Protein chains: 4
Amino acid sequence: MTSPIRVTVWGENFHENSDRDREGMAERYPDGMHGAIAAGLTELLGDQVQVRTATQDQPEHGLTDEVLETTDVLTWWGHATHGQVDDKIVDKVYQRVLGGMGLLALHSAHFSKIFIKLMGTSCSLTWRNSADTELVWTTNPGHPIAEGVPHPIVIDEQEMYGEYFDIPHPDEQIFISTFSGGEVFRSGCTWRRGKGKVFYFSPGDQEYPVYHHPDIKRVLANGVRWAAPDRAGEIVTPSVVSQPPPIFTGRGLKEDK
Amino acid sequence: MTSPIRVTVWGENFHENSDRDREGMAERYPDGMHGAIAAGLTELLGDQVQVRTATQDQPEHGLTDEVLETTDVLTWWGHATHGQVDDKIVDKVYQRVLGGMGLLALHSAHFSKIFIKLMGTSCSLTWRNSADTELVWTTNPGHPIAEGVPHPIVIDEQEMYGEYFDIPHPDEQIFISTFSGGEVFRSGCTWRRGKGKVFYFSPGDQEYPVYHHPDIKRVLANGVRWAAPDRAGEIVTPSVVSQPPPIFTGRGLKEDK
Amino acid sequence: MTSPIRVTVWGENFHENSDRDREGMAERYPDGMHGAIAAGLTELLGDQVQVRTATQDQPEHGLTDEVLETTDVLTWWGHATHGQVDDKIVDKVYQRVLGGMGLLALHSAHFSKIFIKLMGTSCSLTWRNSADTELVWTTNPGHPIAEGVPHPIVIDEQEMYGEYFDIPHPDEQIFISTFSGGEVFRSGCTWRRGKGKVFYFSPGDQEYPVYHHPDIKRVLANGVRWAAPDRAGEIVTPSVVSQPPPIFTGRGLKEDK
Amino acid sequence: MTSPIRVTVWGENFHENSDRDREGMAERYPDGMHGAIAAGLTELLGDQVQVRTATQDQPEHGLTDEVLETTDVLTWWGHATHGQVDDKIVDKVYQRVLGGMGLLALHSAHFSKIFIKLMGTSCSLTWRNSADTELVWTTNPGHPIAEGVPHPIVIDEQEMYGEYFDIPHPDEQIFISTFSGGEVFRSGCTWRRGKGKVFYFSPGDQEYPVYHHPDIKRVLANGVRWAAPDRAGEIVTPSVVSQPPPIFTGRGLKEDK
C-alpha cells in the first residue's frame, strides 16, 4: 500500500478523567493513553500512517460513519466502562472489521464488547495487580509483528494477566508472556474475521507507563502495518449471495453410482 | 463416558406448520425435521444416548434452565424465524456451550443467532435452490465424525450452499462438498469455543428428505458422540479469576538485564 | 473402543546403562524410564490398556513389524542417541502414524528423527539445566488430555525448555509451561498427521524423577487415551489413488462463461 | 521491502526434453514451464522482483549455495524425476525455508522431496487426467494471495487432483477447487515452517497450458509477494540455544504450595 494507513486510536478516556486516577494518569499519560499510543505510532511509522484519536466521551464515541469509513486500522483500549459503549456503534465497528478493517484490541479490551463479539467466547482470564515483571517471549520469529523486538521484551512492572484465557485457538501465536509470580499468558494472538485481521496484545495498563516502552511501541507499530487491509479502498462486509444459474450444465451422475 | 449422552434436538418447527409448506413437510418429515433427526440418532446410537426434542414454539423455545442443565449435546435447526428467537435464550445456550455442552449447527442454522454469536463473523454464504446433486468429500479421514461414511456421500437432490462462507478458519475441516453446478462449500467444520465443541454440518434442508439419508444420519450420530463433553457433570462457563498471591516468591531480575 | 488400547512404551535406554548416569538412574528409575512410564499407564488405565516396552538396544530397536502392527499408541523417549536410530525403523513408525497410530513424543524426543520427520521443522529450542521449578498451565480446559490435572501442575525441579520452540503452529495448545528463571515453553501440543494423532509433552527428564509425578502420569494416561485411533483395526497409510471415471457426466460450462 | 524480491523459479525440465513430450511441450511451453512461470512473474511484478530460473539438469540442480543465499522466494515444479533430486540439495533448501525463504510448491510438487519433508505427511492425493474443467474458488477473500482474481477462476482443461489430500491442516485455506467430474481439492494452502512461508498451489500441468492463464499468473505473483521474508537480509535457520543464567533470580515457591 503506497498511500498512508489511516489509523484511528480509540480510547475509553475514563481513568484520565476520574477523581481516583486523574493525578496519576496526568503523570504517566499527560495526553491520555490514546494520546501516548497515537504518538508512538507516528514516531515509529512517520508518513506510512495518518493517525487520529477518538474517545468514548465524544458523540457516537468519536466513531461516526465518516470516521469509520476512512479508517483502515482501529486500535481499541477500554476498561472501566465497556458496558456503556453503544451496541449500535459496536455493530458498525464489527461490520467494518468483517469488511477488511484491521483491529488491535489492547490489554483490558479483552472484555470490550467488540472483542467478545468477534471472538465468540467469554474472553475471561486470571489477573492480579501486584507490579509483576512481565517477560514477552516471541513464539513466531518470522512474523512481521515480531520484527525488531528483543526476546524477551522486559516490562519491569505490569498487571498480571494469566491463563486460562478463554479465546478461540489463535490463527497465529506471536507472543506468550510470563510473570515474576509464575503465571503465563498468550499475550499476542491473531485471528481473521471475515476479510479483517484482528491482533490482541495484552501489555499496556493505566497504572503502569507501558505504552511509553520502546519495544511495546514497536509491537503496536508492527501490528498496525500487519493489520492494514490489502485493499484499503474496497472494504465491504461479506453478505449472502443468491447465485442464479449453475456453472456446470450437466448434472447427471454416472450410471454405476 | 459410560452414562448415556443427553441430546436435545431443537427444531424451528415453522415449515412443518406453515400454509405454504405443510403438505410437503408432512410427506417428507411426518414427525417434523426434529423428529426425523431425533429418530436417526436413537436408531444409530441406541442406549448410548437419551434423545428428546424441543421446538421454538414451546415456552422458552423448549429450552428451560432444567432442559439446558440436563443437555450434553444440543442440535440446532432453524431457517425462517431466526430473528424471533429470544436473545435471553440464545445467551443461555451460549453460556452452556462455553461451559462444555456440544453444539451441532445444521444447514440453515448458519444464520442462527447462536451460531453467529459463537463464530464472530457474518456466516453469510452463496446459495441456489435448484435440486443440485451434492457430493460430500471427507478431508480428515482419521476423524471420528467421518467414521463409516463413503467418500463421497452422494445426495441426489439438495439446495446448493457455496463459498465464500464467512466463518473463522475451522479448527478441523472434516468435509467439503461439491455441487453439480460446480460450486464448493466447507460443509463439515469444527471449532472449540470455551470448553465446548461446535460442529457445523450443512447437508439437510426442509425441501429435500436429506435427514433420512443413511450416511447423513451416520454423520449426525458421529457428531453427537464427538461433541459430547468429556466431563458431562462439570459444565461451568469460564469466568474471570482474581488470582491472589504470586506462586513464585522471588521477582527480581538478574543484574545484567 | 471396547478392546484395550495396545500401547508400546519405547525408551532409548542409554542413560540407564551409561557409566556416567547408571547410579543416579538406578535410584530415580530402577526399571528404566520406559519402565516407569509403562507402570504409570498400567496403574492409571488398568484394563483399558495393554502395555509393553521396547528399547533402542533391542534388535530392530524392539519395533519389529509384528510389534508395530499390534501397536495402537507408541510413546517415544530418546535423548543421547537419536542419531543411531535406524532410518528404516523411523520410516516404518512414520508410515504407521500416517495410517492412524497415535504417537506421544516425550521431552527430549523433540529432537528424535520421528518427531522432526512428522513436524517438518528443526524442532530446536532453548534449554538450561539448573533445577528450575516448572509450572504447567492448562490452556484448553475442555480437552480430554487436561482432565483431572491441577492448574498449574507444579514440578519442583526440572530442566528448563524455552521458546523459541521451532514447531508448526499446533492444531491444539493444551499446556504452556513457565520456569522459575522466567522462561516459557509450549509444553503440551497436538497435531494430526495423516490419520494419526501426535501429542508432544515436554515434562520428563533423565535427571529428575518427573515420570513418578502423579499429575504427569495422569497427563500421559490421558494422552494415550486421546491418541488411540478411532478405528484400531483399520490402520492404513494414505496413498495415491488413480480415480478412473468422473462422477458427474456433464462437463460443459454454461454459455456465458 | 523496498529492494526487489529475489525469485528463483526451479523447474524439473524433464518433460521439455523427453522423447514422449518434447513436441507438445515446445508448443505449450516453448521456454519450458520454468520459463513461462518466470515470464509471468516478471510481466506482473516488474521491478518488484528479480527473477532467474534453475533446473534439475544443472550442476547441483542449479541451486548452489550462492544461488540459495541470494534467493528470497523459491518456486518449485517437479513431476517425473522427484526421486533423482539430491538429498543434500533438498536439505539445503529445507534449512533455508526454515530460516525465512518463501517456497511456492506447484502442482505435482506435492510429491517433491522438499514439500513432503516440510509437511511431514505422505502428500498423496487422488488424480485423473481427463481434461476436466477446474473451478478455483476463493475461501479467504481478504488474503493478499486472492487479490485480483475472479471467483471462481475457470480453467477449461486441467488434470483432476482430488481429496483426500494428505497434508497437515493448513494454517490458511486460500482456494478450494472443484472439477467437472465432481471432485474437490484444497488447491491453495499456506503453512509456516520455521521462519519461512510455504504456499502450495495445484493448478498447472505439463499437458495443459495453465501457466499462461492470466488468473493463474496473478495468483503466482501474489504468492511470491506474500511468501517474501519480512527481513530478507536475516535468513538464519532456527537452532538450539543453551541459555545460561535464569532471568528471574528468585525461584522459591510460596509456602502454602
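Lettering of chains follows the sequences in order, A, B, ..., and the numbering in each one begins at 1. The shown structure was predicted, so the numbers you read here are calculated from the model rather than taken from an experiment. Heavy-atom basis, side chains included; hydrogens, waters and symmetry copies ignored.
Between chain A and the residues D:Pro144, D:Gly196, D:Gly182, the most heavy-atom pairs under 4.5 angstrom are made by D:Pro144.
In terms of heavy atoms, D:His143 sits closest to A:Asp230 at C-OD2, 4.4 Å. Residues D:Arg192 and A:Asn140 come closest through the heavy atom pair CD-OD1, 3.5 Å. Shortest non-hydrogen contact noted between A:Lys195 and D:Pro141 is CG-CG, 3.8 Å.
With rounding to the nearest 0.5 angstrom, the CD1 atom of D:Ile247 is 3.5 Å from the CH2 atom of A:Trp137.
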